[in-house]
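In what follows, every heavy atom counts, from backbone to side chain, and hydrogens, waters and symmetry copies are set aside. Numbering starts at 1 and runs along the sequence shown.
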Amino acid sequence: MNAITPAPSLLDAAGVDPQRAQSILAEALRGADDGELFVERSESESLVFDDGRLKSAAYDTTEGFGLRVVAGETAGYAHASEVSEAAIRRAADAASLAKRGYAGTMAEGPRRTNARLYGDDDVVARPSFGEKAALLQEIDAWARGRDPRVVQVSASISGERRVIEIVRADGALLRDIRPLARVNISVTVERDGRRETGSSGEGGRAHFETWIRPERWQAQVDEALRQALVNLDAVACPAGEMDVVLGPGWNGVLLHEAVGHGLEGDFNRKGSSAFSGRIGDRVAATGVTVIDDGTIPERRGSLTIDDEGTPTERTVLIEDGILVGYMHDRMSARLMGLAATGNGRRQSYAHMPMPRMTNTAMLGGSASQAEMIASTKRGLYCANFGGGQVDITNGKFVFQCTEAYLIEDGKVTHPVKGATLIGDGPTALTRVSMVGNDFAFDPGIGVCGKSGQGVPVGVGQPSLKIGGLTVGGTAV
């Protein structure tokens, strides 16, 4: 996008002279190392259809600003939901306390870009609220008619249009427009008194029309129904150490959690990551390449610029098993003597930016999933993950499998329930023995949490075979 903000800006719309705001910011940043005025306006809506009725419908608009003053490793931050010159001045006075007794040199501003991932269209305005509610009712009726065992359906639609502006001390005004939409469907089936649930969803940074075409939502219904029916036949999962084959796409969430967070710059600068100080070391098996890429159009984690104004980019983190880089916001890059990678992200104007992932993925290889399964004497095929927990300091993880199958003598046999994967990211990377040729991104449903902030992200990977993971199960 063109980095110079076209008039009227968000400040103009709020009745604030952008030059006056820049002057206040410049005074607040005198003697500081970095900082910015971050202005945001968002419009969002969500509808939930559950138990045969419209359960909730919400619409919200928010606006506000945050002003940051960075001095060394200290950051002062003040924010308000009122965008006015008086509020900006008061925020500047508060945030300036961070530089008391400090004399620094202002860092050079972010590089400019002519890229523009998204247009000015209002993704929330159409279709209308009533049309979306009618669509959810149609989804509910169609899902209930797919199979007589369906006893419950839940469907939801959510979307937002967020506009952000970043004012810098050098007078630059940077702007980004960020649409986001998502559809989720959950189906519960019952047989002989046993109930199981399957779910599916998709979304991204595009108009609602992209995701609510009949062929799209019907495919999501069928996928949720398929998962639920598979779980009806699932048996208790045995426990023990075994080889694991992971399916492509959403299973990249394990990579995101167990490895990705450990490659964020702030953890490595502080020495609290299992990957700290290991640039140039072999940290994964040959053939494993991991990237973070915020430039892919319409992907959930993609942005034209990050929340500090740095253009997003494709950052190689692990190349053929060798650790080659980290993800940086401006602070971690400056303190480590490196370049920012466009990974400075914040949940909203009320939050300070920090190094965060955008779309994190392991690139594909040459093996087929069929070859992985055929080469496994006894193991687990994990088709889909649910939630999980990770310790960033050592990469230890526990993930629940929502759809998994036993592998016996090179063949997929019984579906199992209650399966969990237990291990640590750094070790798991070294045990990758086969990398699939079926790379896929997730369907566009990821939200990443860190330090109390949630941001939309993407994950991706091909099928993988990992040796010697601990599988927790419920079989007695």
Problem set entry | Verdict with supporting geometry, W217 and W142, ring pair (Phe, Tyr, Trp, His ring centres under 6.0 Å) | CA-CA 10 Å; W217 64 256; W142 196 82; 5.6 Å; yes

For this session: Could you check R168 against D34 for salt bridge (Lys or Arg N to Asp or Glu O under 4.0 Å), going step by step and ending with a plain yes or no?
Result: CA-CA 9 Å; R168 294 199 52 82; D34 206 356; 2.9 Å; yes

Problem set entry | Minimum-distance pair of heavy atoms, taken over all atoms of T430 and T427 | OG1-O, 2.6 Å

Problem set entry | Pairs meeting criterion side chain to side chain donor-acceptor pair (under 3.5 Å) with involvement of residues 345-357, two or more places apart | E36-R346, Y77-R346, S348-H351

Exercise. Side-chain donor-acceptor pair under 3.5 Å between D60 and S44, yes or no?
Worked result: no

Exercise. With a 4.5 Å limit on heavy-atom distance, are the side chains of V259 and L429 in contact?
Worked result: yes

Exercise. Given side chains that start at C-beta, do those of S186 and Q152 come closer than 4.5 Å, heavy atoms only?
Worked result: no

Problem set entry | With sequence neighbours excluded, residues passing salt bridge (Lys or Arg N to Asp or Glu O under 4.0 Å) with R182 | none

Exercise. Where do V447 and R300 come nearest, in terms of heavy atoms and distance?
Worked result: CG2-NH2, 3.3 Å

Exercise. Does some side-chain heavy atom of N251 sit less than 4.5 Å from a side-chain heavy atom of Q461?
Worked result: yes

Exercise. With no hydrogens and no angle check, do the side chains of Q220 and S200 hold a donor and an acceptor under 3.5 Å apart?
Worked result: yes

Problem set entry | Heavy-atom check, side chain of R330 versus side chain of P110, under 4.5 Å | yes

Problem set entry | For R30, all residues meeting side chain to side chain donor-acceptor pair (under 3.5 Å), sequence neighbours excluded | E27

Exercise. Can you check whether L136 reaches I157 side chain to side chain, under 4.5 Å on heavy atoms?
Worked result: yes

Exercise. Does the D12 side chain pair with the main chain of G15, one donor and one acceptor, at a distance under 3.5 Å?
Worked result: no

Seminar exercise, completed: So the salt bridge (charged side-chain N to carboxylate O under 4.0 Å, His left out) pairs with at least one residue in residues 83-102 (sequence neighbours excluded) are R20-E85, E85-R89

Seminar exercise, completed: In terms of heavy-atom contacts, V435 and G364 come closest through CG1-C, 3.9 Å

Problem set entry | Value rounded to 0.5 Å, distance of CG in N343 from OG1 in T312 | 8.5 Å

For this session: Check the pair D424, R431 against salt bridge (Lys or Arg N to Asp or Glu O under 4.0 Å), reporting the backbone distance first and the verdict last.
Result: CA-CA 11 Å; D424 70 87; R431 294 182 177 176; over 6 Å; no

For this session: Answer with yes or no whether the side chains of D33 and T105 bring together a donor and an acceptor at under 3.5 Å.
Result: no

Problem set entry | Within-4.5 Å side-chain heavy-atom neighbours: S158 and E45 | no

Exercise. With no hydrogens and no angle check, do the side chains of S42 and T62 hold a donor and an acceptor under 3.5 Å apart?
Worked result: yes

Seminar exercise, completed: Here the gap from I318 atom CD1 to L263 atom CG, rounded to the nearest 0.5 Å, amounts to 5.5 Å

For this session: Might you work through the salt bridge (Lys or Arg N to Asp or Glu O under 4.0 Å) test for R68 and D307, ending with a clear yes or no?
Result: CA-CA 12 Å; R68 182 175 63 149; D307 292 327; over 6 Å; no

Solution key, residues 394-402 side-chain donor-acceptor pairs under 3.5 Å, sequence neighbours excluded:
{"residue": "N394", "atom": "OD1", "partner": "K396", "partner atom": "N", "Å": "2.9"}
{"residue": "T402", "atom": "OG1", "partner": "N384", "partner atom": "O", "Å": "3.3"}

Exercise. Can T358 and D292 be counted as having a side-chain donor-acceptor contact under 3.5 angstrom?
Worked result: yes

Seminar exercise, completed: Residues D442 and G446: closest non-hydrogen pair is OD2-N, 4.0 Å

For this session: May I ask you to check whether N184 and S156 show a side-chain donor-acceptor distance below 3.5 Å?
Result: no

Problem set entry | Worked verdict on T315 versus D293 for side chain to side chain donor-acceptor pair (under 3.5 Å) | CA-CA 6 Å; T315 303; D293 191 344; over 6 Å; no

For this session: Would you name the heavy atoms of V187 and A228 that are closest together and state the gap between them?
Result: O-CB, 3.7 Å

For this session: Go through the steps to decide whether L11 and I88 satisfy the test side-chain contact (heavy atoms from CB on, under 4.5 Å), and finish with yes or no.
Result: CA-CA 11 Å; L11 290 171; I88 293 172; 4.2 Å; yes

For this session: For E298, enumerate each residue passing the side chain to side chain donor-acceptor pair (under 3.5 Å) test, keeping only those at least two apart in sequence or located in another chain.
Result: none

Exercise. Going through the distances and angles, do K450 and E264 end up as a salt bridge (Lys or Arg N to Asp or Glu O under 4.0 Å)?
Worked result: CA-CA 11 Å; K450 177 180 176 181; E264 291 169 337; 2.9 Å; yes

Problem set entry | Distance-only side-chain donor-acceptor flag, E82 / S84, under 3.5 Å | yes

Problem set entry | OG-CG distance between S463 and D438, expressed to the nearest 0.5 angstrom | 3.5 Å

Exercise. Any side-chain heavy-atom pair from P127 and K132 closer than 4.5 angstrom?
Worked result: yes

For this session: Taking the side chain as every heavy atom from C-beta outward, state whether P353 and D306 have any pair of such atoms under 4.5 Å apart.
Result: no

